[in-house]
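So the structure is just underneath, and the comments pick up after that.
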Amino acid sequence: MALEKLTWWRISLRMKGSVAPAIFSQVLFCGVFGFFISILYHFKVPVGWSIVGFVPNIILGLLLVFRTNTAYERFWEGRKLWGTLVNTVRNFARQIWIAIDAKEPQDAHEKIATLRLLVAFAVATKLHLRQEALNSEIEALISPEQYLKLKSMNNPPLEVAFWIGDYLQKQNERGCINNYQLAAMHKLLDNMVDVLGGCERILKTPIPLAYAIHLKQLLLIYCLLLPFEIVGKVQWWTGPVVALVSFIVFGVEEIGIEIENPFGHDFNDLPLDTICATMLRNIEDLISLSPNTHVNLAEEKQTLIN
């Protein structure tokens with residue numbers, strides 16, 4: 001229990017991952033403005049107006065119901081899509097490793113290379129969503145020729161999916177898998193491409209600009225009118241009270257901004273690097289098992305591990 005309490009305090013007071021640094025300037029401005037209104041009130045300037053009693057319901061309704069909930073739905077949908085991708089890659093890799101018969105050493109090599117392509121698809125999807133160039137992470141998973149080819153593609157994950165599908169078709173033509181197995185594996189490949197499309201939908205459909213602008217305007221108006229509402233009651237505490245209220249409302253808005261695109265590098269984004277690394281470990285573990293093959297895969301397996 002003591003450890004849990006200590007952890008609670010550490011979390012509540014930490015700045016890393018918090019939105020406090022991002023909204024510091026807004027909170028400081030509102031606090032200073034509130035202090036300025038309290039000075040005017042002290043010198044008998046008539047600034048004690050009751051004019052914002054109807055505004056909080058509008059602000060909180062727009063902010064909490066739409067902004068935060070919608071942003072979290074986007075975040076959670078992104079997490080579910082990547083969870084689907086992890087499970088699909090695991091099932092796909094298992095079927096490839098077990099069902100496709102490697103009759104020659106070259107077949108075993110292609111089989112292992114295709115398993116690595118499954119991870120390459122996830123890594124390429126991550127980089128594509130972050131709008132980043134291909135890097136050494138994906139270069140280690142594919143051949144030099146494939147890497148050069150991917151660098152010229154507008155949508156690298158789709159090219160990787162094409163290579164996987166092409167491999168499956170060749171194995172079917174060689175009689176290494178039957179038509180039913182081919183259809184089942186193509187279904188898994190389709191699921192991976194569907195995940196890509198779902199993530200692109202989240203990325204390319206941001207919160208409408210008009211709503212974002214209007215919400216910020218309402219928040220600013222509310223925080224600037226609040227000192228006039230409370231100065232007659234709290235007087236010199238107007239500045240701190242307005243700063244606290246602005247910290248709450250601007251903080252909730254900033255949380256929505258951070259999580260509406262969950263694919264970046266921010267502390268509150270999805271841990272895509274960790275997810276991709278987990279996929280690679282799963283593939284390496286799978287290769288350590290004995291598949292349905294006619295050749296010794298020791299050398300090929302050692303190549304992948306190294």
Side-chain angles (χ1 to χ4, degrees), residues 16-17 21-22 71 74-90 92-93 96 109-110 112-168 188-207 209 212 254 257-284 287 303-306:
K16 187 177 182 180
R74 293 162 60 88
F75 175 87
W76 186 240
E77 182 183 2
R79 182 61 187 92
K80 289 192 295 184
L81 287 169
W82 273 85
T84 298
L85 181 59
V86 171
N87 292 334
T88 302
V89 166
R90 287 170 176 169
F92 204 171
I96 291 175
H109 176 75
E110 292 180 358
I112 291 176
T114 302
L115 292 183
R116 301 182 72 174
L117 283 179
L118 297 179
V119 184
F121 178 89
V123 174
T125 298
K126 175 186 67 174
L127 298 176
H128 178 66
L129 295 175
R130 291 175 173 176
Q131 300 179 349
E132 297 177 348
L134 301 182
N135 55 27
S136 58
E137 183 180 6
I138 193 171
E139 186 177 9
L141 297 169
I142 57 181
S143 68
E145 295 77 12
Q146 290 173 327
Y147 182 71
L148 291 176
K149 179 65 175 178
L150 278 189
K151 292 179 69 174
S152 65
M153 302 300 294
N154 294 322
N155 197 319
L158 286 182
E159 181 68 14
V160 176
F162 171 80
W163 292 334
I164 297 172
D166 186 57
Y167 169 78
L168 297 177
L188 293 174
L189 185 58
D190 291 342
N191 291 342
M192 293 171 59
V193 176
D194 288 343
V195 168
L196 171 62
C199 291
E200 288 178 332
R201 182 181 67 251
I202 295 175
L203 181 67
K204 297 180 180 180
T205 311
I207 299 296
L209 180 60
E254 185 64 26
I257 293 174
E258 282 206 5
I259 67 176
E260 69 179 1
N261 177 11
F263 306 123
H265 292 281
D266 292 337
F267 191 83
N268 293 303
D269 288 333
L270 295 175
L272 300 187
D273 294 328
T274 302
I275 293 174
C276 291
T278 299
M279 290 186 195
L280 181 57
R281 287 197 300 271
N282 294 156
I283 296 298
E284 291 174 345
I287 294 173
T303 300
L304 177 63
I305 294 175
N306 293 337

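Just so you know, these numbers use all the heavy atoms, side chains as well, and skip hydrogens, waters and symmetry mates.
- Residues Ile202 and Pro262 meet the side-chain proximity criterion, which asks for heavy atoms closer than 4.5 Å.
- None of Ile96, Thr88, Leu118 except one satisfies the side chain to side chain contact (heavy atoms under 4.5 Å, CB included) rule with Leu188; the exception is Thr88.
- In this structure, Asn135 places its CG atom where more than 12 heavy-atom neighbours from other residues, nucleotides or ligands lie under 6.0 Å away.
- Tested against Thr84 for a side chain to side chain contact (heavy atoms under 4.5 Å, CB included), the candidates Asp194, Val89, Val195 yield a single pass: Val195.
- Of the possible polar contacts, one joining the Ser152 side chain to the Lys149 backbone as a donor-acceptor pair under 3.5 Å is found.
- Ion pairing between Glu132 and Lys126 fails under the 4.0 Å rule for side-chain N and carboxylate O.
- Side chain of Arg74 to backbone of Ile259: no donor-acceptor contact under 3.5 angstrom is found.
- Side chain of Arg90 to main chain of Leu85: no donor-acceptor pair is present (N/O by atom type, distance under 3.5 Å, no hydrogens or angles).
- The salt bridge (charged side-chain N to carboxylate O under 4.0 Å, His left out) with Arg130 is formed by just one residue from the set Asp269, Asp273, Asp266; it is Asp273.
- Taking all atoms of both residues into account, the shortest heavy-atom contact from Leu150 to Trp163 is CG-CH2, 3.6 Å.
- In this structure, the side chain of Glu159 does not engage the main chain of Pro156 through any donor-acceptor pair within 3.5 Å.
- Looking at Ser136, its side chain never comes within 3.5 Å of a backbone N or O of Glu139 through a donor-acceptor pair.
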